[in-house]
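Presented below is the structure to which this report refers.
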Amino acid sequence: MTIGSFKALVVNQEEEFTVKVNELTLADLPQGEVLIKIHYSSINYKDSLASIPDGKIVTSYPFVPGIDLAGVVVSSEDPRFNEGDEVIATSYGIGVSHFGGFSEYARIPAKWIVPLPKGLSLKEAMVIGTAGFTAALSIKKLEDNGINPEKGKILVTGATGGVGSFAVSILSTLGYQVEASTGKKAEQDFLNNLGATSIVTREEVYDGKIRALGKQKWAAAVDSVGGEPLASLLSQIQYGGAVAISGLTAGTQLPTSVFPFILRGVNLLGIDSVYCPMDIRLNIWQRLATDFKPVNLGNFIQQEVTLQQLPNVLPLLLRGQARGRILVTL
């Protein structure tokens with residue numbers, strides 16, 4: 001099979017910073033054992049950061065962003081993958097230090113690739129993407145720490161974002177009572193449709209004061225916010241509860257005390273989806289195709305866009321105007 005030029009979104013820093021669709025050839029792609037014809041990608045917060053000059057994601061230019069991709073193997077030097085296989089590739093260096101998914105073709109190291117599990121289409125896999133994977137990994141960690149629907153209500157912060165919205169849906173699918181926290185009053189119907197049993201404002205989680213210990217409100221939480229709201233949240237988790245943390249939109253500092261940990265036995269669980277070991281990664285994707293799979297994945301799609309539309313759409317996440325997922329169709 002001969003592949004000529006193809007289209008990719010390229011960010012570049014020369015005399016000025018540019019974000020535009022260019023023509024590339026296979027010679028422009030980085031090394032990797034598996035060549036993939038990409039069918040779908042999706043937009044994540046890191047991708048939006050990669051599209052601005054001071055985003056601190058990309059360190060070498062020109063570069064193709066996109067931390068998620070799903071497609072069909074064109075050729076492979078690794079016996080685990082064959083021409084025609086449907087595959088997913090997320091995390092590791094993809095879209096950060098290795099050309100990513102905003103392209104018609106990608107060449108990826110075989111050890112970063114997940115076979116598409118039965119029960120998911122390529123499109124569904126990219127509606128889920130890193131955001132859904134991170135939510136699922138968070139919930140699995142909560143399960144591993146003894147959290148189940150009988151323990152009580154689970155809080156999800158940043159609930160209209162990618163991780164938050166998937167956490168709401170997966171938890172609801174598993175039978176949990178889910179309280180969703182958001183600063184967007186207009187999105188309450190969206191959250192209710194995902195399965196939230198109740199909705200609280202950001203101020204009900206963090207009113208500007210961080211107490212050593214507060215009223216015990218939630219059995220556990222999935223948090224993608226971090227910062228001072230996380231410190232406040234920890235003081236309100238029930239005895240023996242846990243918080244899975246995967247984000248930092250409210251900041252990187254955590255001004256908490258030891259009291260939630262030593263007086264209530266609260267567990268703070270760090271969630272890393274980038275270098276998650278492959279055995280766990282395969283298990284999580286399998287669960288996303290089975291018991292973790294949301295009933296209607298279409299509810300998550302805010303919009304579907306093309307490569308040509310990406311330069312105008314990428315800033316939405318930085319402005320807090322995204323809801324759920326934005327799918328990129330190649």
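Everything numeric here is computed off the predicted structure, so don't read it as measured data. Residue numbers count from 1 along this sequence.
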Close side-chain approach of T90 to V114, heavy-atom, < 4.5 Å = no
key: Pairwise distance NZ(K140) to CZ(R287) - rounded to 0.5 angstrom   = 6.5 Å
ask   = What about L310 and I326, same hydrophobic cluster or not, with Ile/Leu/Val/Met/Phe/Trp/Tyr joined at side-chain heavy-atom distances under 4.5 Å?
value = yes
Side-chain donor/acceptor pairs under 3.5 Å, residues 31-41, sequence neighbours excluded:
from: E33; atom 1: OE1; to: A110; atom 2: N; distance (Å): 2.7
from: S41; atom 1: OG; to: D68; atom 2: O; distance (Å): 2.5

inquiry  = In terms of relative ring orientation, are H98 and W112 parallel, tilted or perpendicular, with 30° and 60° separating the classes?
reply    = perpendicular
Could you list the donor-acceptor pairs under 3.5 angstrom formed between side-chain atoms of residues 117-129 and any protein atom two or more places apart in sequence or on another chain?
from: S121; atom 1: OG; to: E124; atom 2: N; distance (Å): 3.0
from: K123; atom 1: NZ; to: E304; atom 2: OE2; distance (Å): 3.0
from: E124; atom 1: OE1; to: S121; atom 2: N; distance (Å): 2.9
from: E124; atom 1: OE1; to: K293; atom 2: NZ; distance (Å): 3.2
from: E124; atom 1: OE2; to: K293; atom 2: NZ; distance (Å): 3.3

message = I'd like to know if the side chain of S172 reaches the main chain of V168, judged simply by a donor and an acceptor atom lying under 3.5 Å from each other, with no hydrogens or angles considered.
response = no
Pair D78 + R80: basic N to acidic O under 4.0 Å = yes
ask   = Is a side-chain N or O of D47 found less than 3.5 angstrom from the main chain of N44, in a donor-acceptor match?
value = yes
query = After noting the C-alpha distance and the side-chain angles of I43 and S48, does the key distance pass the side-chain contact (heavy atoms from CB on, under 4.5 Å) rule?
reply = CA-CA 7 Å; I43 299 178; S48 293; 4.0 Å; yes
query = Any chance CZ of F261 has more than 12 other-residue heavy atoms, nucleotides or ligands included, within less than 6.0 Å?
reply = yes
query = Side-chain contact, heavy-atom cut-off 4.5 Å: L230 with V225?
reply = no
key: Trace of the side-chain contact (heavy atoms from CB on, under 4.5 Å) decision for L268 with L254   = CA-CA 12 Å; L268 181 59; L254 184 60; 3.9 Å; yes
Between side-chain atoms of residues 233-248 and protein atoms elsewhere (two or more places apart, or another chain), which donor-acceptor pairs fall under 3.5 Å?
from: S235; atom 1: OG; to: S232; atom 2: O; distance (Å): 2.7
from: Q236; atom 1: OE1; to: K217; atom 2: NZ; distance (Å): 3.0
from: Q236; atom 1: NE2; to: V205; atom 2: O; distance (Å): 2.9
from: Q236; atom 1: NE2; to: S232; atom 2: O; distance (Å): 3.0
from: Q236; atom 1: NE2; to: S232; atom 2: OG; distance (Å): 3.2

ask   = NZ of K184: more than 12 outside heavy atoms within 6.0 angstrom?
value = yes
V19 and L9, any side-chain heavy atoms less than 4.5 Å apart = yes
For the student: nearest non-hydrogen atoms of F102 and V328, plus distance = CE2-CG2, 4.0 Å
note = Closest non-hydrogen atoms of I108 and F99, given as atom of the first, atom of the second and distance, are CD1-O, 4.3 Å
query = Is there a path from Y176 to L155 through hydrophobic residues (I, L, V, M, F, W, Y) whose side chains come within less than 4.5 Å of each other?
reply = no
inquiry  = Using the rule that Ile, Leu, Val, Met, Phe, Trp and Tyr join whenever any side-chain heavy atoms are under 4.5 Å apart, tell me whether I154 and Y206 fall into a single cluster.
reply    = no
task = Report the residues that fulfil salt bridge (Lys or Arg N to Asp or Glu O under 4.0 Å) with R202, sequence neighbours left out, ordered by chain and then residue number.
result = none
request  = State whether the number of non-hydrogen atoms from other residues, nucleotides or ligands found under 6.0 Å of Q253 atom CD is greater than 12.
outcome  = no
request  = With sequence neighbours excluded, tell me which residues meet salt bridge (Lys or Arg N to Asp or Glu O under 4.0 Å) with E203.
outcome  = none
ask   = What closest approach, in Å, do A159 and A180 show between heavy atoms, and which atom pair accounts for it?
value = CB-CB, 3.6 Å
inquiry  = I need the minimum non-hydrogen distance between S169 and P294, along with the two atoms involved.
reply    = OG-CB, 3.2 Å
key: Same apolar cluster (I L V M F W Y, side chains within < 4.5 Å links), I284/M278   = yes
task = Verify side chain to side chain donor-acceptor pair (under 3.5 Å) between N12 and T18, making sure each step is shown before the conclusion.
result = CA-CA 5 Å; N12 203 2; T18 57; 5.1 Å; no
ask   = When the ring planes of F300 and F166 are compared, do they come out parallel, tilted or perpendicular, using 30° and 60° as the limits?
value = parallel
key: Nearest atoms (heavy-atom pairs only) where A50 meets V58   = CB-CG2, 3.7 Å
Heavy-atom donor-acceptor pair, N193 side chain to F190 backbone, under 3.5 Å = no
inquiry  = Suppose we screen for salt bridge (Lys or Arg N to Asp or Glu O under 4.0 Å). Which residues come up paired with K151, at least two apart in sequence or across chains?
reply    = none
Cluster overlap V163 with I199, hydrophobic side-chain contacts below 4.5 Å = no
ask   = Hey, mind stepping through V64 and V10 against side-chain contact (heavy atoms from CB on, under 4.5 Å) and telling me if it holds?
value = CA-CA 5 Å; V64 176; V10 178; 4.2 Å; yes
note = Rounding to 0.5 Å, atoms CD1 (I67) and OG (S42) come to a distance of 7.5 Å
note = Scanning both residues in full, the closest heavy-atom pair of I113 with P109 reads CG1-O, 3.6 Å
ask   = Can you check whether V178's main-chain N or O pairs, donor with acceptor, with T197's side chain at less than 3.5 Å?
value = yes
